[in-house]
Structure formats: C-alpha cells, structure tokens
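Quick note: numbers below take in every heavy atom, side chains included, and nothing from hydrogens, waters or symmetry partners. Start at 1 with the first residue, then count along the sequence. Keep in mind that this is a model prediction, so the values were computed, not measured. In each ligand, atom 1 is the first atom listed, and ligand 1 is the first ligand listed.
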Amino acid sequence: MTDPDELLATLRALQASDLPVHGGRTLAYVYDSGLAEVDRVAREAVGAFAGSNGLDPTAFPSLLTMENDLVGITARLVDGPGTVVGNVTSGGTESVLLAVQGARDAARVDRPAMVLPATAHAAFHKAAHYFGVEAVLVPTRDDFRADPAATARALDDLGERAVLVVASAPSYAHGVVDPVTELAALAAERGIRCHVDACIGGWVLPYAARLGRAVPPWTFAVEGVTSISVDLHKYAYAPKGASVLLHRTAALRRPQLFASAAWPGYTMLNSTMQSTRSGGPLAGAWVSVKSIGDTGYELLTREVFAAVDAIVAGATDIPGLHLVAPPDSTLVALSTDASCDPFTVCDEMASRGWYVQPQLTHGGRPATIHLSVSAATGPHVPEFLVALAESVGTAQEAGPVVVDPGVAAYVATLDPTTLTDADFDGLLVAAGLVGDGPGLALPTRMAEVNALLDLASPELREAVLVSFLDRLQRPNGEDY
Ligand SMILES: *Cc1c(COP(=O)(O)O)cnc(C)c1O
C-alpha cells in the first residue's frame, strides 16, 4: 500500500490547481460562510457518514432522522404549511429533475411540455432532455423577469400538454426573482404544477425579508406553488452534494417515489434518483444547518447583503461597467460598455486572484460577468473593487477582444448537428488550443476562447463544448 501521507500530499498538490473554496475570492461554484469551525465539523460529519447508505432507511435510520430534520427546517423556512413533504437530493439539478419528472408522471398526457422563462436554469433543459418533456421558452420582460402574459399565451397554446410552470427565485444569470404570484396563479387556474427554483435563493431570501429587504413573494405562502427546490450546498453553506426538494402535499410527491420488485434481489425503494446514497453530504448539511442555526444565518445574510450592496455601489462607480439588473438576492450581473469586453475583465480579475464568471451573449442580451457573493467575501470587498477597477482599466487599454476573422469565418461554416471530430480538431487548431502532446492545451487567458464561443449559436456552443468534454474525459493510462 502506498504511504497514506504520500497520497494525501499528492492530492493536496493536485488541489493546488483548483479554485480556492475558502477565502471569499471565488465568486461562482463555491459558497463560503467564512466560519472555519463550522466547516471543520461539517467535513468531519461527511467523513463519518461517507460509508453509510441511504438506500434503506430501516438499515440506516440515522440518515432518515437527519433527512426529516432538514426537510422540516427547510419547509418552515419557506412558509410551508404542515402538509409539506420533501427529500434531500444530491444537488439542485437532481431536485429540478425530480420536480419535472413528478409533473410529467402526474399529468400522464401525450407530448408533455413545461413553460419556462428563458432565464430558467439549464437543469430544466437537462430534465427536458432526460424525460422527454418539451421545454417551451418564454422571453423575459426587459427587467429580466418572467412575463406572465406571454406565459399565459404559451400555456393556452399548449392546452392539455402543459404540465408545469417554472419560476426562479432568483434566476442564476441575472439574480432577479420572477413574478411568482402571477405565474403560480396561471398554473393553479389550469390545475397544473408550479415549481419555484429557489436552488440558489432559498436559504438566503427568507432571511433577507426578515432583515427588512424588499423580497418579492415566492414561497409556499404564494397560492399555486406546488414545489420548491432549495440547495443546502449553496447559501446554507453546507459541503457539496445536498439540496432539498419540497412538495406542498404528499400526494404531489407520490409519482417521485419508486419501488421495484421486478427482479430477484432486494425490493428497491427510492425517493430520489440515486439508489445507493452516501450519508456523507446529508450529515455534512445537517451539521452545517444545526451549527449555524437561525441566528447564524441571519447574521451571515446581513454580511452577504452588506457585501452585495457595497459591490453594487462600487462597481457602478467604475466607468465602463454597469449593473444589468438591481439584484433581488446575492447574485450580481455586470456588463461593460463598448470600451472593453466582459471576458477580458474576467481574465484580468483571475490574474489578480479573483474568480468571476463570464456569461455569454444570449437571446439578444449582452455578455455579462456573474458574481455569486458569499458572506466570506464581505471583509474583502474594498480589495475586490480595486481589482475590478484595475481590471476594467486594463481591459479598456487592450480594447474589446477580437476574434481572428479567419477563425470567425471557420466557425461560421460549422454545423452543430453534424459537428465531427475533424471539425473540432480544425477548431482547436484555428483557436490555437493544440499543444505538443495529445491533450488539449488550455490557455491561461480565456477571453479569446469565450469571444469565439460568443460568436457561435447556442446550438454550436453546445456541440463544441460536448466535443471538448469528450476530449477532456479520457483515461490517463496509469496503473496503481
Ligand atoms: C445552482 C442552481 C441549480 C442547479 O444546482 P446544482 O446544485 O448545480 O445541480 C438550479 N437552479 C438554480 C437557480 C441554481 O442556481
């Protein structure tokens, strides 16, 4: 056996190339409370339950207890009546997938469809892909919020085929809450489900409201809302791998529950998509939620909104930069004027030790810079704003990134429906992404790559990125 210290040292060395998960300088993918002791205990809990299996709640009753605790706490947080039931899933995507699956299977109609604001999370498109539920997209209003009148028309066009209306609280890309009251009423009038995707806002908006901030209604207090997803691994600051899906009643959850006795082994009985289900993330989330507690989350929410307000105020003072929409929650979307481009600003921020996330042009709306602000970012906001001002300044000196016209012309010839390996190779050469070896040579600066993707249609972006993933995920050919 290899020396354990050596293995752990190797892992730490590998981890050195990852984005930092602590320190508040990574403004997407990770959520940092800044509470080192809570993190330490939560990670210990993950380890302690890493081998436990939620497959059978009678064999591991501890997991059932933790799950029911978390579901109850989450239900109360989002104004759930006593009838609410739910489950802990592996993440927001699984919660969304199950909400769509449940709506489809309860309705039992031919060619089921769901109506989504164009800003709904990509997880709904994944659900459409997996479950054969057509995603009918409705463009948002100018304020990036769902358009109830257009949603009503889409529902009327679909008639019986409509099984679900979706709202976000808030949307990931722009950080605004949809008009849930109106959307849920449209669903209720038609006797169909309304899912509120509060994956990213669910744990923070209730506290924001309690602190007196203006939060549009989005919880179970809104009539017609039938299910809500809330990620624990976002603003509950739990270790990765935990989300909650709530249904207003047990009857609404019923199609989600699955049993199979159609084989000679144990009767499989599952409430979520996983069967063998590690107790680790559940225990980690339970410890995070219990140790931070209601007053702790209120404090963290106060901190995170102080950071959001300071970022909004500071960023809008930077010439060349503006706010896409006043944030309803903890997500900020920024865009640039013609003096520079968001992709270069993201690269410049990275070179200053800050990760901010580029979002491509979509639906006629310009490319943006996304910030998921964490409580731990709070103390560093002044530094963040200095880095942002410098980054915009440097990006302005460089001018907007331009894609080589030859490369742009090559991209224009590509057909996403028939993109071949040879096309992808051609693209890599054109974009200068081929290294000496067989692998991909990833540049440290991504602006050119993002600008190239930005030129492509969404369909071509998908095809190119799937080819990219296919190349990345190849075995290393090492023995143990
Ligand atoms: C993060 C997120 C999801 C998906 O959650 P994962 O945990 O990444 O699977 C869904 N909806 C919204 C609004 C999100 O922010």
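The closest side-chain donor-acceptor pair between T226 and H247, if any, does not fall under 3.5 angstrom. Side-chain atoms of H121 and S168 include no donor-acceptor pair closer than 3.5 Å. Side-chain contact check for R253 and N87: at least one donor-acceptor pair (N or O, by modelled atom type) lies under 3.5 Å. Defined by atom type and a distance below 3.5 Å, a donor-acceptor pair is missing between the side-chain atoms of T119 and T140.
Closest heavy-atom contact between A236 and V289: CB-CG2, 4.3 Å. Between R461 and L453, the closest heavy-atom pair is NE-O, 3.0 Å.
Protein residues having a heavy atom under 4.0 Å from any atom of ligand 1 are G91, G92, T93, H121, P170, Y172, D197, C199, I200, D231, H233, K234, listed by chain and number.
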